[in-house]
Amino acid sequence: MTKSTHSPATMRQTTDINHPDTVVAARYQSAIGVDVHASILVCAYQDGTHPESIKTEHLSFGTKYSEIEAFAQWCKQRNPDVIVMESTGVLWRSAYEALEKVGFTSKQLALVNARDVKAIIGRKTDREDAQRLAEIARLGNIKKSFIPPRVFREMRQLSRRYQGISQKIASQTNVYHKLLNATGCRAGSVFSDVKGVAATAILEAKLAGVEDLDNIVSQYGRRLKATRSEIVDALNFEIHPSIRQQLIEEREQIQIQKQFAQRTFDRLKELQAPYEHQIELLMSIPGIKEISARLIFAELADDLAQYFPDAEHFSSWLGICPGNKISATKNYSGSPSKGNKWLRRTLVECAQGISLSKLPLRERFMVWKLRRGTLRAIVAVAHLLARIIFSILKNQTMFQLMPMTTQRDEVVNRIKKNISKLKRMNCVLQNTRLVERDTGEIISNIV
């Protein structure tokens, strides 16, 4: 964030552009550019109603409640065709919502990424930033950020906080597991998940100093792969009283964070109560369960077609598809944009789940894995999920999976391309089987 050289004031200054011939023809006659900071809003109102005398008016406001209200009223009095502000973290929200309250619509309000309107180094002040935003707004050469309705912005806050708490729980669990290993406990060798019900009960009994640990192991370890004697042997270690107490409190902190995460998720469910039908549509997609569906929907809007013309634009906004980089008729590798990292993370996690499961979409993953490798295949599945999500939310229909033979067709095509190699191996392809020519022995099945 840049440091402002102006204090909140009501001083007004108007300048004239004496050479209108140097001004590019504008799409909008009037516009307001707002440079948003933590303690000040630097505004520039530009009116081009009379091309022979384009006027620019500068004014600054503070960011207290009454000052933001005054800012909104000032904008309403000027009644510009468009208002543009930079997306500076979350600072823009209070000003944006104040403008919505006084009657400005999403068509009149534009939030732009700072990288798209960055000034030349050495020619940057708050007043110049605001004026440049107003000029860019009048030209119409702006790329609006996707701003959903206010209820979805509130959903975003809760869903992102829930994801942050979940990451903290995972981090604290790793610390707890590492501390256990330092004491000589090898819980990971007998428990597939130290956060599981059985592992939690057995480890709590060990930390509590229960003398008859064998009975606890017998009671909770029936469904574990490790035997009772292996579990007891792995937990047969001495703990210093101070370390024991630290382990107990580490586990208590994990439980507190889990309860906090659940309460946060419940608040998200309350906000999404009117949109249960859309949540069910998302859950119809293989690999997307309730938590993922709610986290995904919180980043979107109830009418995606209003903001994105097609699935390709939606995937580009999300940052899950390759970018374009063509120069001198050469197509270079284009990295995707940063996009929405919260939604992209959720889709990638769902794609990883699909790659490890027996869900129908796994067949597409296997084909992409054969062509480009595991990591690229996971991103490709996430891209596919994004297009499916856009389609079902736009058409309001459940996901229906058609029968696929994608993986089999890919393998068959690969074998046909290497038919000369099969001849050298003295093998032939019969239906979906690879058979040795002389003996008729089946070497492998394609499917």
Side-chain angles (χ1 to χ4, degrees), residues 158-270 272 279 283 286-295 345-346 348-359:
L158 292 178
S159 68
R160 293 178 180 183
R161 185 68 188 112
Y162 174 80
Q163 293 180 65
I165 300 169
S166 300
Q167 290 178 354
K168 189 174 182 179
I169 291 172
S171 177
Q172 288 185 334
T173 303
N174 290 337
V175 171
Y176 170 75
H177 194 188
K178 188 175 182 178
L179 193 56
L180 276 175
N181 287 333
T183 61
C185 173
R186 295 295 181 265
S189 63
V190 290
F191 302 130
S192 59
D193 183 10
V194 294
K195 298 180 294 184
V197 176
T200 299
I202 294 171
L203 289 173
E204 285 181 349
K206 174 64 179 179
L207 296 177
V210 175
E211 296 181 357
D212 194 5
L213 187 62
D214 289 353
N215 289 336
I216 301 295
V217 174
S218 300
Q219 180 181 354
Y220 289 95
R222 296 174 182 174
R223 301 182 64 180
L224 298 176
K225 292 183 179 180
T227 63
R228 182 180 61 83
S229 60
E230 290 175 340
I231 295 174
V232 173
D233 188 29
L235 302 182
N236 186 19
F237 61 97
E238 296 294 332
I239 313 177
H240 190 276
S242 299
I243 301 300
R244 182 191 299 273
Q245 188 61 33
Q246 181 67 28
L247 284 166
I248 292 174
E249 292 190 9
E250 291 282 357
R251 180 166 286 281
E252 289 176 353
Q253 289 297 318
I254 294 173
Q255 294 301 323
I256 291 172
Q257 290 295 323
K258 285 183 177 180
Q259 295 170 2
F260 181 34
Q262 185 59 47
R263 292 194 298 270
T264 303
F265 187 72
D266 291 340
R267 296 186 191 101
L268 177 61
K269 290 177 67 175
E270 291 177 4
Q272 293 180 339
I279 301 298
M283 291 173 60
I288 297 182
K289 303 300 181 183
E290 182 184 5
I291 294 178
S292 299
R294 294 188 180 279
L295 296 180
R345 179 187 301 160
T346 303
V348 169
E349 289 178 356
C350 294
Q352 288 175 329
I354 290 173
S355 68
L356 299 173
S357 68
K358 296 182 179 179
L359 295 172

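Computed from heavy atoms alone, side chains included, the values below leave out hydrogens, waters and symmetry copies.
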Quick one: does E204's side chain get under 4.5 Å of T200's, heavy atoms only? yes

Considering non-hydrogen atoms only, spot the tightest contact between L359 and P286 and give its length. CD1-C, 4.0 Å

Heavy atoms only: give me the nearest Q253-Q172 pair and the separation to one decimal. O-OE1, 3.8 Å

Using side-chain heavy atoms (C-beta onward) and a distance below 4.5 Å, is Q163 in contact with T346? yes

Salt-bridge test for E349 and R345: reply yes if a basic N is under 4.0 Å from a carboxylate O, no otherwise. no

Rounded to the nearest 0.5 Å, the CG atom of L207 sits from the CD1 atom of I239 at a distance of 5.0 Å

Taking every non-hydrogen atom, the tightest pair across L203 and C185: CD2-SG, 4.4 Å

I need the minimum non-hydrogen distance between I216 and A205, along with the two atoms involved. CG2-CB, 3.9 Å

Separation between CD1 of I256 and CD1 of I169, rounded to the nearest 0.5 Å: 11.0 Å

At what distance, to the nearest 0.5 angstrom, does OG1 of T173 lie from CZ of R251? 8.0 Å

Measuring from atom CD1 of I288 to atom CD1 of I279, what distance do you get when rounded to the nearest 0.5 angstrom? 10.5 Å

Could you measure the distance from the OH atom of Y176 to the OG atom of S171? Nearest 0.5 Å is fine. 15.5 Å

What distance do K269 atom NZ and I291 atom CD1 have between them, rounded to the nearest 0.5 Å? 9.0 Å

Taking only residues at least two apart or on different chains, which pairs with a member in residues 159-171 satisfy salt bridge (charged side-chain N to carboxylate O under 4.0 Å, His left out)? R160-E299

Heavy-atom donor-acceptor pair, T183 side chain to L180 backbone, under 3.5 Å: yes

Results of ring pair (Phe, Tyr, Trp, His ring centres under 6.0 Å) for F265 - residues two or more places apart only: Y162

Are R244 and L247 packed together at the side-chain level, in the sense that at least one heavy-atom pair is separated by less than 4.5 angstrom? no

Given side chains that start at C-beta, do those of Q262 and K258 come closer than 4.5 Å, heavy atoms only? no

Distance-only donor-acceptor check, side chains Q255 and Q259, under 3.5 Å: no

